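Starting from 1, each residue takes its place in the sequence as its number. Bear in mind that the values here come from a model prediction, so they are computed numbers and not experimental data.
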Amino acid sequence: MTHAPAMEGLSQDSEPRHGPVKPERPAALKRRRRRENLAGYLFMSPWIAGFLLLTAGPMIASLYYAFTDYNLFDAPKWIGLDNFSEMFGDPRWRHSVQVTLWYVAVGTPLKLIAALGVALLLAQSRRGQAFYRAAFYAPSLIGASVSVAIVWKAIFSDDAIVDRTQKIFGIDVGGWTGDPDMIIYSLVALTVWQFGAPMVIFLAGLKQVPRELYEAAEVDGAGKFRRFWNITLPMISPVLFFNVLLETIHSFQIFSSAYIVGGGAGGNACGPADGSMVYTCYLYVQGFENSRMGLASAMAWLLLVAVALVTAVLFWSQKRWVHYEEGAR
């Protein structure tokens with residue numbers, strides 16, 4: 001009751017003692033927003049500068065060089081579409097396209113199959129699960145390094161461990177890296193060995209599948225294969241689509257492993273008899289070994305267009321086999 005006088009005159013409609021809050025004037029509001037935007041652009045300026053100088057600028061320059069005769073030493077000379085016409089008529093370029101498409105069509109599915117198979121094993125509760133996950137993921141961290149490519153080349157060379165193991169089983173084909181027909185298989189084996197990254201993504205998707213679906217299917221008498229085909233694959237199809245898209249793009253961009261395993265600089269840069277002549281390796285040869293930067297730029301932009309078309313096809317096809325939860329698309 002002693003607080004009643006202090007509360008007198010205060011109601012829901014009462015105003016503060018300092019008076020009503022005046023609305024901010026439009027001019028002041030604009031100035032405040034301008035200061036906030038300026039602060040935001042100031043914090044973004046390092047990224048903007050890096051994007052313009054290291055990404056957008058070189059892309060625009062390479063687009064211009066694609067229509068020029070440029071050898072890194074003389075001024076670019078405009079030649080129009082001559083680089084593209086020469087490219088399409090080059091048998092080595094056509095061979096690099098064939099090798100790259102074969103690598104993408106074989107290496108990507110095998111890598112995803114290995115990743116999904118190991119993810120299915122690791123999704124089950126078992127002792128040492130964290131150790132196994134880390135052990136299987138580790139190759140993805142180091143697999144793209146030059147040192148691993150050098151070791152891989154040594155493993156698959158003549159009279160090395162792979163060659164000796166083959167001879168135990170009566171297979172005498174020699175080292176893979178010295179055989180024009182076998183070297184591409186060593187690159188496929190290397191990319192399959194690096195299945196750790198898609199495996200982790202598959203594992204996260206498998207954890208989201210409701211266990212009730214498996215229990216209901218098991219009650220109905222569905223076997224393991226049927227549960228996998230009718231429950232697991234449809235439920236993880238968005239994750240599968242993501243991995244297919246990501247790994248396909250990565251496969252088109254293969255360079256370091258093909259270049260190192262193939263032999264490195266020199267006339268044998270892309271493998272014996274161009275056995276590991278993937279697209280980016282031939283692009284490197286034209287640009288930096290032959291100093292034909294204009295032709296290399298044309299090849300790079302054609303690769304960008306090809307990857308964009310493949311990506312568009314994958315997004316178009318997802319309507320037929322990717323199942324999203326209602327409202328999640």
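A parallel orientation is assigned to the rings of W47 and F51, their planes being inclined by less than 30° (bins at 30° and 60°). Between Y70 and Y65, the angle of the ring planes stays under 30°, which puts this pair in the parallel group of the 30/60° scheme.
Note that SG of C270 and OH of Y279 are 13.0 Å apart. Values are rounded to the nearest 0.5 Å. We find the CG-CD1 distance between L187 and I260 to be 11.5 Å, quoted to the nearest 0.5 Å.
Between the side chains of N243 and E247, no donor-acceptor pair of N or O atoms lies under 3.5 Å. Side-chain contact check for Y137 and Q194: no donor-acceptor pair (N or O, by modelled atom type) lies under 3.5 Å. Checked by atom type, the side-chain pair S237/W321 shows no donor-acceptor distance below 3.5 Å. A donor and an acceptor atom, one from each side chain of T108 and T248, are nowhere located under 3.5 Å apart.
With hydrogens and angles ignored, the 3.5 Å screen pairs a side-chain donor or acceptor of T280 with a backbone N or O of I254.
Looking at residues two or more places apart in sequence or on another chain, you find a salt bridge (Lys or Arg N to Asp or Glu O under 4.0 Å) between D159 and R164. With sequence neighbours left out, W152 forms a side-chain hydrogen bond (donor to acceptor under 3.5 Å, both in side chains) with no residue at all.
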Would E86 and R292 count as a salt bridge (Lys or Arg N to Asp or Glu O under 4.0 Å) if you check the C-alpha gap in whole Å, the side-chain angles of each, and the deciding distance to 0.1 Å? CA-CA 12 Å; E86 179 184 351; R292 303 198 60 187; 2.6 Å; yes

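The aromatic ring centroids of Y282 and W93 lie 6.0 Å or more from each other.
Salt bridge E36/R32: present, at least one basic N to carboxylate O contact under 4.0 Å.
Among pairs with a residue in residues 170-189, those fulfilling ring-ring contact (aromatic ring centres under 6.0 Å, His included) read W102-Y185, F156-W176, at least two apart in sequence or across chains.
Of all heavy-atom pairs spanning F228 and L116, the tightest one is CZ-CD2, 4.0 Å.
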